[in-house]
Amino acid sequence: MPLKNGTIAKILGMKKHLARLFCFVLCLGWAWAMPVAETWAFTTEQQLLNDAWRVVNQAYVDGSFNHQNWWKLREKVLKQPLPDRTATYESIRQMLASLEDPFTRLLLPAQYRSLQTSTAGELTGVGLQISVSTDTGHLEVIAPIEGSPAAIAGLQPGDQILAIDDISTASLTLDEAAEHMRGPRGSTVLLQVQPQDRPDQVKTVSLKRDRIEINPVRGEIRKTENGKPFGYIRLSQFNANATKQMKEAIQKLEAQHVEGYVLDLRNNPGGLLQAGIEVADFWLDAGPIVYTVDRHGVLGSFEASGPALTHAPLVVLVNRGTASASEILAGALQDTGRAKLIGERTFGKGAIQSLFDLSDGSGLAVTVATYETPNHRNINKVGIQPDLAVAAENLDLNTFATLQDRQYLAAITSLTETQVATGASSS
């Protein structure tokens, strides 16, 4: 879940009035970390490499740097020949690879701009959120973006992508793979896919790239089994539009006097941490939303400011495509007793990344903290177990949140039972 440089100040537990100063130090390129004379001796390529090393040295969540001498590694990489920018990028990648953290990575200028654009709410490509499987090491689908070419083609969370246009993904970094899937609107890309539910099969999927405007919130009135109106809200991603659209959806449904909500976070791969916190704030009166833990073990927290926009009963739908910021939201609602979670165990991404600019327009995504739910659960690589486990069977774009969707039907049943219990206790 990418953050801008200033946000890390809050994550590391610093007081609000220090945040600008901390960002200023970051933007200066960590100027206090080295003697000026040594900086002057660097070539342009060495300086870029050293700047990347400094960012990680100051911000990375693991102070042991994967149990290695980070200063000694700096000496080693700076002695390597750096004849051009390509060689410098490769040295930075090798340095970051030693951390064995797929989420801490170099973003080339085009990739960096594309990531910033996608979190702003639009992109051009096939609409896939991807990761590297910790079990297989293969490229894995976290979730397709709703309405995207990938979603329409039926790609599912857990599907393995073996090749992109005949290029093996085993030879690509996470961001290189994403870059290969992006391209001009109307152009075609071929993906070799091993379905999660049919691991003995491999299929080739042809996708036509499109401009994807990510309007992440869809809200509408539906009825429970006892005929009571409830609000169904589908939240597909935490981008820059999510907070405003969620607030508007809740307020509109409240004005229509709904008696409960189903919040659908299935296949929501996350996004901006701040958006996840703000959306949680809409459902909670007070108390912690998430705890953050930095490299020194310092505990910070984000708290609900209250009052909640609604106190109506709430059921949340989750699955293995529910990841990152959506797990922060689901964990907060579950731990506080605000909502019942139904579906499948979530993805399990409990690490927070921040974005850092480099001088040539490239950037670094660096894991700066881990997070815990309000009950101090660390869900990294574990996920969140729903209160009621319901497996999805043959669920695709056309049956999502319909009467053929077992998870959705279980949510309606749960909401009906809650409404009946609430009515009985208040009569």
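- Side-chain contact of S362 with D360: a donor-acceptor pair under 3.5 Å is present, judged by distance alone.
- Between L314 and L263 there is a side-chain heavy-atom pair separated by less than 4.5 Å.
- Checking S98 against Q68 by side-chain atom types alone, a donor-acceptor pair falls below 3.5 Å.
- Among residues two or more places apart in sequence or in another chain, the ring pair (Phe, Tyr, Trp, His ring centres under 6.0 Å) test is passed with Y232 by Y408.
- Between N268 and S236 there is no side-chain heavy-atom pair separated by less than 4.5 Å.
- Under the 4.5 Å side-chain criterion, counting only non-hydrogen atoms from C-beta, V368 is not in contact with D294.
- One N or O on the side chain of Y371 and one on the backbone of K349 form a donor-acceptor pair closer than 3.5 Å.
- Of all heavy-atom pairs between A242 and L235, the closest is CB-CD1, 4.3 Å.
- Counting only heavy atoms from C-beta outward, the side chains of T336 and W283 never approach each other to under 4.5 Å.
- Tested against F65, the residues D101, L73, V56 include a single side-chain contact (heavy atoms from CB on, under 4.5 Å) partner, V56.
- A distance of 6.0 Å or more separates the ring centres of W70 and Y60.
- The structure places CD of Q111 at 5.0 Å from CD of E179, a figure rounded to the nearest 0.5 Å.
- Residues passing the salt bridge (Lys or Arg N to Asp or Glu O under 4.0 Å) test with R406, sequence neighbours excluded: E393.
- Two residues are said to be in side-chain contact when any heavy atoms from C-beta on lie closer than 4.5 Å; P386 and E344 fail this criterion.
- Atom CD of E176 is separated from atom CG of L107 by 11.0 Å, given to the nearest 0.5 angstrom.
- Among residue pairs with one or both ends in residues 331-343, those qualifying as salt bridge (charged side-chain N to carboxylate O under 4.0 Å, His left out) are D335-R377; sequence neighbours excluded.
- Between atom CZ of residue R222 and atom CG of residue L253 there is a gap of 11.0 Å, rounded to the nearest 0.5 Å.
- In this structure, H138 NE2 and S168 OG are separated by 8.0 Å, a value rounded to the nearest 0.5 Å.
- Shown here are the salt bridge (Lys or Arg N to Asp or Glu O under 4.0 Å) partners of E90, two or more places apart in sequence or in another chain: R93.
- Residues that satisfy the salt bridge (Lys or Arg N to Asp or Glu O under 4.0 Å) test with E278, not counting sequence neighbours, are absent from this structure.
- Not one N or O on the side chain of Q404 forms a donor-acceptor pair closer than 3.5 Å with the backbone of T399.
- Side chain of T367 to backbone of V61: no donor-acceptor contact under 3.5 angstrom is found.
- Distance OG1/T346 to CG/N319: 9.0 Å, rounded to 0.5 Å.
- You'll find the side chain of R105 reaches within 4.5 Å of the side chain of L174, heavy atoms only.
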Check residues 183-192 and write down every donor-acceptor pair under 3.5 Å in which the side-chain atom is one partner and the other belongs to a residue at least two apart or another chain.
from: R185; atom 1: NE; to: D210; atom 2: OD1; distance (Å): 2.8
from: S187; atom 1: OG; to: P184; atom 2: O; distance (Å): 2.6
from: S187; atom 1: OG; to: R209; atom 2: NH1; distance (Å): 2.8

Quick one, N226 with T224, criterion side-chain hydrogen bond (donor to acceptor under 3.5 Å, both in side chains). Give me CA distance, side-chain angles, the key distance, then yes/no. CA-CA 5 Å; N226 58 2; T224 61; 2.3 Å; yes
